[in-house]
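Ligands are counted one by one from 1 in listed order, and the atoms in each one are counted from 1 as well.
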Amino acid sequence: MKVCIIGTGYVGLPTGVGLCTLGHKVTCVDKDAAKIANLNYGHSTLYEPYLKELLEEHLKNKAIKFTTDIKKALKDAKVVILAVGTPTSNDGASADLTYIKQAAKEVAENLPNNYTVICTKSTVPVGTNDLIEDIFKKYCMHTNWDIVSLPEFLKEGCAIKDFLLADRIVIGTDSKRARQRISTLYSGHSSELYFTSRRSAELIKYASNAFLAIKINYINEIANLCEKCGAKVDEVAKGMGLDRRIGNKFLQAGIGFGGSCFPKDTKALSYTAQEYKTNMPLVDVAILENHCRVSKLVKRIESLVKPTQKLALLGLTFKANTDDCRESQAVKIADKLSKKYKHIKVYDPKGMDNAKKVLKDKVEYAKLSTDAVKGADAIIILTGWNSFKVNFKKILKNSKKSCIIIDYVNLLNPKQVTNHKYYCIGK
Ligand code: UGA
């Protein structure tokens with residue numbers, strides 16, 4: 001089946017590559033000509049495990065193409081996927097729908113008169129697909145289309161695996177014809193297809209992300225209590241997770257949630273609730289506590305390390321296995337620390353370029369983790385990269401004989417660092 005994807009970001013690109021793996025022919029459209037040129041040469045514009053390899057393979061097989069020409073990309077497409085950004089608006093809460101509205105208008109204006117299903121993969125507030133439908137009614141010369149909500153549940157750093165082994169594929173539409181078309185799109189996929197109304201599908205996405213954000217906030221609250229009462233948060237989390245009603249995922253205590261999704265989507269959900277004259281106090285508390293966690297963790301560092309001492313920060317991305325530093329709690333911590341500490345050296349395996357955009361010259365950038373820790377009085381681990389864990393012995397060879405190690409993602413086994421003062425979360 002020919003598929004056209006609008007947007008080549010963290011959602012559009014892995015989805016495009018994933019659909020090629022299912023046997024479809026995909027054309028991805030983006031306005032950024034330089035990005036499109038890079039992608040046509042197989043140069044992935046973002047880091048995602050397995051993405052580069054699959055991209056090269058599908059380019060070679062001519063299964064995937066990249067273009068700035070939307071008209072050409074829409075020719076013969078049976079499914080169009082809108083995967084553009086919906087960032088937080090200037091009001092700091094609601095979702096900015098400018099890009100999705102623009103993309104919908106351009107698709108509507110250029111859509112050939114063959115039945116096409118338009119799927120919204122961008123995360124959009126309840127009712128947005130009705131708005132997209134209105135745009136199509138206004139700008140499309142025909143009515144040979146259906147608008148479907150097809151929320152995505154890919155995690156960055158795991159997107160290809162999540163695409164191929166999704167827990168569920170939620171398809172929001174009342175149209176029988178659209179259901180059939182999307183069933184065919186996923187016929188090579190083993191995951192359960194769950195059909196709902198369009199509004200329910202839109203809300204499933206926000207409700208899921210906010211629920212996971214609340215779960216993270218909850219385990220961080222438990223970690224705070226563990227630190228006071230002598231319990232160990234990893235043992236508590238494991239014990240909770242053995243109850244299948246609770247589940248063992250998203251119970252890793254740490255620096256709080258970041259990235260381009262949870263912070264934005266929790267705020268947008270709370271905003272939607274207000275629009276509908278209700279409220280979501282649980283979500284609001286998770287947003288607030290997550291914000292306050294940065295200051296709390298910085299204060300703890302300040303209580304352990306003098307302002308004249310040297311800091312090495314390991315990890316800047318919002319989580320491991322990505323280069324993404326958007327809304328990264330690690331970057332926020334680094335930024336706050338830079339106001340007090342003169343000597344901060346940072347290192348991240350993939351996120352240095354993105355972190356530099358925010359931190360600029362407030363910190364020093366190391367080329368290797370071993371360089372970052374040279375001469376440092378305190379090593380602070382902020383992202384759970386496996387390479388830090390497996391190489392920590394080597395990393396420590398370059399550090400002072402005895403230094404302070406603050407492990408804010410509970411990455412290390414305390415036995416690995418017995419000669420040092422070791423602090424972690426929730427223990
Ligand atoms: C999240 C959702 O998990 C995906 O299902 C969804 O598709 C995506 O948002 C989206 O809306 O596009 P993502 O933001 O890529 O995915 O990353 P997560 O793995 O969910 O992590 C989010 C944040 O929570 C990270 O900062 C991570 O470090 C933190 N986290 C996660 C914890 O602090 N503890 C945990 O146990 C799990």
Side-chain angles (χ1 to χ4, degrees), residues 7 9-15 18 46-49 83-88 95 120-125 150-163 165-170 191 201-223 233-234 236-238 240-241 246-269 286-287 289-291 293-294 297 315-333 351 381-385 408-411 425-426:
Y10 285 93
V11 174
L13 196 52
T15 303
L46 50 95
Y47 173 73
E48 187 64 54
V84 296
T86 50
T88 303
T120 305
K121 256 209 178 295
S122 309
T123 302
V124 292
L150 188 68
E152 64 84 23
F153 301 100
L154 309 178
K155 296 188 292 297
E156 280 182 34
C158 211
I160 301 291
K161 199 170 143 222
D162 281 352
F163 179 90
L165 300 169
D167 287 339
R168 78 296 205 193
I169 293 159
V170 174
S191 304
E202 290 169 332
L203 192 53
I204 286 170
K205 170 63 196 239
Y206 280 100
S208 302
N209 272 4
F211 182 81
L212 293 172
I214 290 169
K215 202 171 175 189
I216 295 166
N217 185 55
Y218 183 72
I219 199 65
N220 286 338
E221 279 185 8
I222 295 291
V233 73
D234 41 7
V236 176
K238 190 168 175 186
M240 287 166 64
I246 296 172
N248 60 8
K249 304 274 183 348
F250 281 71
L251 284 177
Q252 172 71 49
I255 60 177
F257 57 83
S260 66
C261 307
F262 286 0
K264 159 179 87 75
D265 295 347
T266 42
K267 281 187 228 154
L269 181 61
I287 297 167
E289 285 297 318
N290 198 57
H291 173 76
R293 193 149 184 84
V294 170
L297 297 181
L316 296 166
T317 48
F318 83 96
K319 64 172 184 178
N321 298 324
T322 176
D323 58 351
D324 197 346
C325 288
R326 285 176 291 173
E327 290 292 319
S328 163
Q329 297 273 96
V331 168
K332 288 180 189 175
I333 289 173
I381 307 174
L382 297 172
T383 309
W385 284 98
Y408 272 164
V409 283
N410 289 359
L411 187 70
I425 294 276

Test side-chain contact (heavy atoms from CB on, under 4.5 Å) on Asn290 and Gln329; report intermediate values, then the result. CA-CA 9 Å; Asn290 198 57; Gln329 297 273 96; 3.7 Å; yes
[atom] [closest protein heavy-atom partner, distance rounded to 0.1 Å]:
atom: atom 12 (O) of ligand 1; answer: Glu152 OE2, 2.6 Å
atom: atom 37 (C) of ligand 1; answer: Phe250 CD2, 3.3 Å
atom: atom 34 (N) of ligand 1; answer: Gln252 O, 2.9 Å
atom: atom 5 (O) of ligand 1; answer: Phe153 O, 3.0 Å
atom: atom 28 (O) of ligand 1; answer: Phe318 O, 3.4 Å

Run the numbers for me: atoms of ligand 1, each under 4.0 Å from some heavy atom of [X], listed by number.
X: Leu251; result: 36 (O)
X: Phe257; result: 23 (C), 24 (O), 26 (O)
X: Cys261; result: 8 (C), 9 (O), 10 (C), 11 (O), 12 (O), 14 (O)
X: Lys155; result: 3 (O), 4 (C), 15 (O), 16 (O), 19 (O)
X: Asp265; result: 11 (O)

Looking at ligand 1, does [X] have a heavy atom less than 4.0 Å from it?
X: Gly254; answer: no
X: Gly259; answer: no
X: Lys205; answer: yes
X: Asp162; answer: no

Working to the nearest 0.5 angstrom, can you tell me the gap between [X] [atom1] and [Y] [atom2]?
X: Ile333; Y: Ser328; atom1: CD1; atom2: OG; value: 8.0 Å
X: Phe262; Y: Asn209; atom1: CZ; atom2: CG; value: 4.5 Å
X: Phe153; Y: Asp167; atom1: CZ; atom2: CG; value: 9.5 Å

Looking at Lys319, is its backbone amide N or carbonyl O close enough to the side chain of Thr383 to form a donor-acceptor pair, meaning the two atoms are under 3.5 Å apart? no
Any donor-acceptor pair under 3.5 Å from Glu48 side chain to Pro14 backbone: no
Min N/O separation Val11 to ligand 1 under 3.5 Å: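 So ligand 1 has no N or O lying under 3.5 Å from an N or O of Val11.
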| request: Please lay out, stage by stage, how Ile425 and Val409 fare under the test side-chain contact (heavy atoms from CB on, under 4.5 Å). | output: CA-CA 7 Å; Ile425 294 276; Val409 283; over 6 Å; no
Counting only heavy atoms, tell me which of [options] gets closest to [atom].
atom: atom 22 (C) of ligand 1; options: Tyr10, Phe262, Tyr206; value: Phe262
atom: atom 17 (O) of ligand 1; options: Glu156, Gln329, Lys319; value: Lys319
atom: atom 29 (C) of ligand 1; options: Asp167, Ile216, Ile219, Asn220; value: Ile216

Quick check: are there more than 12 heavy atoms from other residues, nucleotides or ligands sitting under 6.0 Å from OH of Tyr218?
-> no
Point to revise | Donor on one side chain, acceptor on other, Arg326 and Thr317, under 3.5 Å | key: no
- Are side-chain N/O atoms of Lys205 and Thr123 paired as donor and acceptor at under 3.5 Å? yes
Worksheet entry | Full working for side-chain contact (heavy atoms from CB on, under 4.5 Å) between Lys215 and Leu251 | CA-CA 7 Å; Lys215 202 171 175 189; Leu251 284 177; 3.9 Å; yes
| request: Quick one: do Glu152 and Phe163 satisfy side-chain contact (heavy atoms from CB on, under 4.5 Å)? Show the steps, please. | output: CA-CA 9 Å; Glu152 64 84 23; Phe163 179 90; over 6 Å; no
Practice problem: Measure Leu154 to ligand 1 on non-hydrogen atoms and call it side chain, backbone, both or neither using the 4.0 Å cut-off. | Solution: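 Looking at Leu154 and ligand 1, just backbone atoms fall under 4.0 Å.
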